[in-house]
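The next block holds one structure in the form of structure tokens; read it before the comments.
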Amino acid sequence: MTGSPTPRVAIITGAARGIGAGVARRLAADGLAVAVVDLDETACQVVVRQIEDAGGRALAVGADVSDEKSVEAAVERIAVELGDPAILVNNAGIIRDNLLFKMTAADWDAVMNVHLRGAFLMTRAVQSHMTRAGFGRIVNLSSTSALGNRGQANYAAAKAGVQGFTKTLAIELGAFGITANAIAPGFIETEMTAATAARMDVPFDDFKAAVAKDIPVARTGLPEDIAHAVSYFASEGAGFVSGQVLYVAGGPKA
Ligand code: NAD
């Protein structure tokens, strides 16, 4: 009896809900052992249970990606309890939207800290595991907002920054069998976009219908649409694809 090979380990941040939860379920279905990382460990348990009920392997990990010590402890724990991380999906995110003249420095810093500092700290913590193994897949969540979006000076700057960060990782880490790519989603139905609709006092269904009018495939996106793209970038066969930004938005973006 040889048994089945040990599954590769994937870390997905911000995975207690929304896109991250969809990505975690998909990578688990692909056969990976999955670390479900989010601010509140208890909130991660729901996704872990869904994965386990479907026959997969998962671990709930509470961590704040913007906190250096929290990140290092989380990655250490994942390496011990699940195995060396081979795949990292930097998905954790927040929005603090406002027009520039009303945007506070705290709103600017909060968004930079989660998206940019968070992706940096997580990637720095996992890279030694990947370089040692001579294999790694890093997928970072950007956004169509990187191209500019009213009321999102902080978020647009962070998501454009994620693209530059991704391309640099591709250059520095390529020789170690590690690829780095970014996915830039358009409108995806999650609590993040539901909160935007609520803030504008528009029912979510009306908001989605209005947005869909400007999307060539005539619908808004689902977490599964992004999970499918992550699954491709994370796959063994995508080893010659690195430093790319894939817009997953139901139509072309610049
Ligand atoms: P969401 O708000 O539904 O989920 C984000 C998750 O990240 C939450 O569970 C939250 O607790 C977690 N998180 C926030 N700060 C964290 C921190 N410091 N440490 C750990 N976890 C933290 O959002 P979503 O819509 O699923 O978005 C996921 C990612 O995709 C984000 O990076 C977002 O910017 C990006 N994105 C979303 C859309 C969209 O339309 N929903 C479009 C483009 C890009």
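Whatever order the structure lists them in is the order used to number ligands and atoms, beginning at 1.
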>> I need the contact residues for ligand 1: any residue with a non-hydrogen atom closer than 4.0 Å to the ligand, ordered by chain then number.
In response: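 The answer is Gly14, Arg17, Gly18, Ile19, Asp38, Leu39, Ala63, Asp64, Val65, Asn91, Ala92, Gly93, Ile94, Val114, His115, Leu141, Ser142, Ser143, Tyr155, Lys159, Pro185, Gly186, Phe187, Ile188, Thr190, Glu191, Met192, Thr193, counting any residue whose heavy atom sits under 4.0 Å from ligand 1.
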> Could you walk me through whether Ser231 and Arg26 pass the side chain to side chain donor-acceptor pair (under 3.5 Å) check?
Replying inline: CA-CA 7 Å; Ser231 173; Arg26 172 59 190 263; 3.2 Å; yes
> When you check the gap from the basic side-chain N to the acidic O, do Arg8 and Glu236 get nearer than 4.0 Å?
Replying inline: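 Salt bridge between Arg8 and Glu236, a charged N being under 4.0 Å from a carboxylate O: yes.
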> Quick one: do the Ser242 and Asn181 side chains pair a donor with an acceptor below 3.5 Å?
Replying inline: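 Looking only at side-chain atoms, Asn181 and Ser242 do not form any donor-acceptor pair under 3.5 Å.
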> With distance as the sole criterion, is a donor-acceptor pair present between the side chains of Asn140 and Thr166 under 3.5 Å?
Replying inline: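 Distance-only check passes for Asn140 and Thr166.
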> Mind checking what makes salt bridge (charged side-chain N to carboxylate O under 4.0 Å, His left out) contact with Glu72, not counting sequence neighbours?
Replying inline: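 Result, salt bridge (charged side-chain N to carboxylate O under 4.0 Å, His left out) vs Glu72: Arg124.
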> Cationic tip of Lys208 within the cone over Phe204's six-membered ring, i.e. under 6.0 Å and within 45° of the normal?
Replying inline: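 Ring-cation test returns yes.
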